[in-house]
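Note sheet for the following structure.
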Amino acid sequence: MEAKQLQPEEQLYPQHREPQSQSQSHSPAYQALLRAGPQVRPLQQVHAQIIVLRKYRNLALITKLLTLACATGSISYTRRLFLTVPNPDSFLFNSLIKGSSKFSFSNDAIFFYRRMLLANISPSNYTFTSVIKACADLSASRLGRGIHSHVLVCGYGSDSFVQAALVTFYAKTGDLGVARKLFDKMPERTVVAWNSMISAYEQNGFSKEAIGLFYQMREWGIKPDSTTFVSVLSACAQLGAIGLGCWVHDYVISNGFDVNVVLGTSFINMFSRCGNVTKAREVFDLMSEWNVIAWTAMISGYGMHGYGKEAMELFGKMRIHGPRPNNVTFVAVLSACAHAGLIQEGRCAFGSMRKEFGLVPGVEHHVCMVDMFGRAGLLNDAHAFIKELNPRELTPAIWTAMLGACKMHKNFDLGVEVAEHLLAVEPENPGHYVLLSNIYAVTGKMDRVELVRNLMIRRGLKKQVGYSTIEVDQKTYLFSMGDKSHPETNEVYRYLDKLMSRCREAGYVPAPESVMHELEEEEREYALRYHSEKLAIAFGLLKTSSSVAIRIVKNLRMCEDCHSAIKYISIVSNREIIIRDKLRFHHFNDGSCSCLDYW
DNA sequence: CTAGGGTTAG
């Protein structure tokens, strides 16, 4: 073995002397471990020396070796090492469980936890925090709840660290209510407890609740930290709440917070998703450290605004100065190409994934490629691309992208064929019914539309409800079609009617009824006039001064008629209107849209 | 001698 070739004494007693305090508190073997750091080969060498020097009964030494082994990412080495320890103590178990849950070896964390119980060693609050995190990461609901009762039996029910971990666990297993109950009953709520609960809401899509809790936290006089802001900014990004997002930015700057790479990336994401990609770039340029996530966030920001050239320029810089792009980076790059019609660049980037970066393209990348060809009207290229794929790679997502292209470029024969295939393999997805009925409607086959609609009803499926949000004075208002719950509903509808008649005077021609058919009964009453984005725009024009842009976030894609109407609204109201739909941004100004009708 | 909870990109 290695150890025979090495000269252990030399390794363990280096030429230079360590500082006194260090050499007093750490044995030479321990120092050797520290020098080796989290790298498998050096660790194995020190391990061999520990065996040669017969120090393998020193549990402190073995514990450090184990945690370092875990940190290398080699869980198999860690496991083998663990099995050689004759009598592990509680310290060793705690370190091991902590390490494996921290480095996402959740199953192993639970395995070690079980071994700990089998060895008759009582778990402590340290043990529980780690093992609960492992359960959270695995969404191991039953196991986690079992461990929760174990926590209570062992008397750690009111430990604030264990409680924070439990809040996160319940949030990740979908029990938001239980998480909130735990949070409410905490004897002392640390900033971490607040962060856990705010993130719990945000991660489950309850952005408004997350922001509400943030305001409550302020009322309680708890100072937020950068982790708080990461979650709050994520919520802002989801809602398009740029007012609050800017407030956070000012707060962070004026309170001298360090904008680390995580917080910086949150700002980039928030500003991009709230429609201000210039500001996102400013944050990017001011950061002092950039990881692959930060680069990807910025590229993706350009992409969703249709700034393909800027996205590719930044990607070019990343290739020279930045870290290795990963699969997510390529999703951002390829979708930027798709939204900007950069076919050649897209092909080239896709080809480089394997050749230059050793990355295997996945479903998401294939979808981007089909989407890119499809949008550009290159249906043959899209189809050819699909035919090149492995049969097992032909997921519904690929066909959905193809179907979208067929609808966009009015290739009905192929579209119907693809849609029927999709209906067969994913009968539970309402989106497919909607697209198929759209295709029938545009060809005037209204009897088929009715057929699809009835099929959908029989199968108990409901179309996703469209809604739009707008932020006024740092408050977010939500509008959906036909919803009249808003106190100023009548005013909004009246104003919208006036607005639309001015648009018609300016030359706007509404789409024919057949194109605008709706699948659900109640929606048929409200014709195209009342799609949610129009309501939100009307509200925004009523409530804001003429100097600010109207910013809307919509959960679905905009329909063609709204897209055309909003161009006219931007003329007659003389306002910049910025809409983020499900896929990308549309900046309307003076009668034209930044997407150049390419969407 | 050794250890502690929460957060980020499509």
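Sequence lines set the chain letters: A, B, ... in the order given, protein chains first and strands last, and positions in each chain run from 1. Since this is a predicted model, take the numbers as computed values, not measurements.
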Checklist entry - How far apart are the C-alpha atoms of A:Phe93 and A:Phe112, what are their side-chain angles, what is the distance that settles it, and do they pass the ring-ring contact (aromatic ring centres under 6.0 Å, His included) test? => result CA-CA 7 Å; A:Phe93 272 115; A:Phe112 294 134; 7.7 Å; no

Next on the checklist: Test ring-ring contact (aromatic ring centres under 6.0 Å, His included) on A:Phe128 and A:His148; report intermediate values, then the result.
Outcome noted: CA-CA 9 Å; A:Phe128 284 125; A:His148 186 180; 9.8 Å; no

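As a whole-Å value, the separation of A:Met318 CE from B:dG10 C1' is 13 Å. Straight-line distance from the CZ atom of A:Phe103 to the P atom of B:dA3: 12 Å, rounded to whole Å. The nearest whole Å value for the distance from the NZ atom in A:Lys133 to the P atom in B:dA3 is 18 Å. Residue A:Phe350 contributes atom CZ, which lies 16 Å from atom C1' of B:dG10 at whole-angstrom precision. Atom CH2 of A:Trp295 is separated from atom C1' of B:dA9 by 14 Å (rounded to the nearest Å). Distance A:Lys55 NZ to B:dT2 C1': 15 Å, rounded to the nearest Å. We find that CZ of A:Phe93 is positioned 18 Å from P of B:dA3, with the value rounded to whole Å. Computed from coordinates, the A:Leu583 CG to B:dG10 P distance equals 13 Å when rounded to whole Å.
For A:Phe284 and A:Trp295, the ring centers sit closer than 6.0 Å to each other. The aromatic ring centres of A:Phe350 and A:Phe330 sit 6.0 Å or more apart. Under the 6.0 Å cut-off for aromatic ring centres, A:Tyr56 and A:His47 do not qualify, their centroids lying 6.0 Å or more apart.
A donor and an acceptor atom sit less than 3.5 Å apart, one in the side chain of A:Asp225 and one in the base of B:dG6.
Using a cutoff of 4.0 Å between basic side-chain nitrogens and carboxylate oxygens, A:Arg319 and A:Glu356 are scored as salt-bridged.
Within 4.0 Å (heavy atoms only), A:Ala60 reaches at least one base atom of the nucleic acid. A:Asn326 comes within 4.0 angstrom of a base, heavy atoms only. A:Thr190 comes within contact range of at least one nucleobase, with a heavy-atom separation under 4.0 Å. Using a 4.0 Å heavy-atom distance criterion, A:Asn291 is classed as making no nucleic acid contact.
Here B:dG10 is the nucleotide among B:dT7, B:dG10, B:dA3 with the atom lying nearest to any side-chain atom of A:Arg273. The side chain of A:Asn58 approaches B:dC1 more closely than any other nucleotide in the set B:dC1, B:dT8, B:dG5. Here B:dT7 is the nucleotide among B:dT7, B:dT8, B:dG4 with the atom lying nearest to any side-chain atom of A:Ser199. Which of B:dT7, B:dG5, B:dG4 sits closest to the side chain of A:Ser160 comes down to B:dG5. In this structure, the nucleotide among B:dC1, B:dG4, B:dA9 sitting nearest to the side chain of A:Tyr30 is B:dC1. Distances were taken from every side-chain heavy atom of A:Thr265 (C-beta onward) to each of B:dT7, B:dT8, B:dT2; the shortest belongs to B:dT8. Closest to the A:Glu364 side chain, of the nucleotides B:dT7, B:dA9, B:dG10, is B:dG10. When the nucleotides B:dA3, B:dC1, B:dG6 are ranked by their closest atom to the side chain of A:Thr227, B:dG6 comes out on top. Distances were taken from every side-chain heavy atom of A:Val331 (C-beta onward) to each of B:dG4, B:dT7, B:dG10; the shortest belongs to B:dG10. When distances are taken from the side chain of A:Ser234 to each of B:dG6, B:dA9, B:dG4, the shortest belongs to B:dA9.
Contact check, A:Lys64 against B:dA3: a side-chain N or O comes under 4.0 Å of OP1 or OP2. Side-chain nitrogen and oxygen atoms of A:Arg189 include none within less than 4.0 Å of the OP1 or OP2 phosphate oxygen of B:dG5. Residue A:Lys98 has a polar side-chain atom (N or O) positioned under 4.0 Å from OP1 or OP2 of B:dG5.
Taking a centre distance below 5.5 Å and an interplanar angle below 30 degrees as the stacking criterion, A:Phe91 stacks against the six-membered base ring of B:dT2.
Between A:Trp194 and A:Phe183, the ring-plane angle classifies as perpendicular under the 30° and 60° cut-offs.
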